[in-house]
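Just below is one structure, and these are the notes that go with it.
Atoms within a ligand are numbered from 1 in the order they appear, just like the ligands themselves.
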Amino acid sequence: MSAGQGRGPVPWHLLPENSSIGSHGQLVIAGCDTLDLAAEFGTPVFAYDEEHLRARCREAVASFGSRAVYATKAFLCTAMARLVYEEGMGLDVATGGELHVALAAGVPGERLTMHGNNKSVHELELAIDAGVGHIVVDSFDELDRLERLTATASGDRVQILLRVTPGVEAHTHEFIATGQDDSKFGFTVSTGVAARAVERAGAIAGLDLVGFHAHIGSQVFRAESFAEALAVVGDFAQPFGLPELVIGGGLGVAYVEGEEAPAISQWSKILLDAASAAGITASLGIEPGRSIAAAAAVTIYTIGTIKELSGIRTYVAVDGGMSDNPRPVLYGSGYEAFLPREVAAARPRAARVVGKHCESGDLLVREAHVPADVTVGDLLATPVTGAYGHSMGSNYNKVLRPPVVFCRDGDARLVVRRETYDDLLSTDLGFSG
Ligand SMILES: *Cc1c(COP(=O)(O)O)cnc(C)c1O
């Protein structure tokens, strides 16, 4: 849709599931008035619908049981780790840091899967010490490291999966496509490297190879891409007769008007059908991240300036930006914008929503539409910001990371507080260090 063309209200299906309209037309999330949230916690703030998160977890667990694993890189704090674990999902962690947060939340090690294409010896030690359920091995170097580490360990054999690249193009952004042969991830199936990795792993006494893992990319809408990957991985895996096969995450979500994505339940059915069509007997696992968390949250900002450049465009600047949502800058991702005070208002006015960072590229919504009466001091919100926003955030320009609030039945629980200026100095030793 071209800039300047008027728009209706923000599409309702992009808002958290338990959204409603308050008596003054304002957005209410799970019984929490968004204007009150902004007043109480300040802006920017990530406001999550807790029940929405739980419902998505239950949807994944309904089809895959304990083999439904949440990809924590999408959004992680101890409250989220706890919620996911309570709902019966495992957690996938890809660094020592993610592992540390999941353990701090009280998630048992056995419910964790350790990922990463370049795990350090220290990260592997932490994972083994924590007794993680699986380590997903990504390279021969990692097998060498694990051989050395397990040679001296006294405990049980470490269960591993081998990550393989099926050679499937996932039709998504280059930076988040991971299934093609030209990838930093995994062992390539087509060249025989993956088969060699199976041999190598089998020769290491401390390791117990229980299956394979393939993740073709993220924000994938075409269900056939998953089915194709499953067919390739299934063909490869079947002769080894191993008990587990994990197909990764990657289910796309709708971010803007006109986009539609399959529900987790539909995606699950496609995967399970494709697996049985391919004659796969291994037990199937999934690792959704975005499809669990993205649509559960909105980010609420305050508008500080509005600049009308005559004949060019209108810039609406808010009190956050690429430090709380780098996706528009990284991938050119689109978002919608709306005013929480009147969520059902038509949005006839074209504008570009930008942040407060010292970069012209710092934009949140390149082609936004907002109500005609938008004004300085208004709250402005972007929906579908629950995944890869907070987790990819930064302190660029020494901007403070926003708080995270979980809304449920009218209660707003602060689960991550806003950073303070002193937090910015907490690792800074100056010359005295
Ligand atoms: C990123 C990632 C996921 C989650 O992807 P989503 O697109 O957020 O569902 C799952 N597994 C692996 C190995 C990943 O790298």
| request: Report all protein residues having a heavy-atom distance below 4.0 Å to some atom of ligand 1; order the list by chain, then number. | output: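 The answer is Ala71, Lys73, Asp92, His115, Arg163, His213, His215, Ser218, Gly249, Gly250, Glu287, Pro288, Gly289, Arg290, Tyr388, counting any residue whose heavy atom sits under 4.0 Å from ligand 1.
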| request: May I ask you to check whether Phe75 and Tyr48 place their ring centers less than 6.0 Å from one another? | output: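 Centroid separation for Phe75 and Tyr48: below 6.0 Å.
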Could you give the side-chain donor-acceptor pairs of residues 184-206 under 3.5 Å, partners two or more places apart or in another chain?
residue	atom	partner	partner atom	Å
Ser190	OG	Asp181	OD2	3.1
Arg200	NH2	Asp144	OD1	2.9
Arg200	NH2	Glu147	OE1	2.7

| field | Pairs flagged by salt bridge (charged side-chain N to carboxylate O under 4.0 Å, His left out) wherever residues 381-399 is involved - sequence neighbours left out | value |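 Output for this query is empty, none listed.
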| query | Any salt bridge (charged side-chain N to carboxylate O under 4.0 Å, His left out) pairs touching residues 265-280, not counting sequence neighbours? | reply |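 Checked against salt bridge (charged side-chain N to carboxylate O under 4.0 Å, His left out) - neighbours excluded - the pairs reaching residues 265-280 are Lys269-Asp273.
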| query | Would you call the rings of Tyr396 and His357 parallel, tilted or perpendicular, where under 30° means parallel and over 60° means perpendicular? | reply |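 Rings of Tyr396 and His357: parallel, as their planes differ by under 30°.
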| Reference residue Ile160; test side chain to side chain contact (heavy atoms under 4.5 Å, CB included); the match among Val210, Asp208, Leu143 |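 Only one option passes, and that is Leu143.
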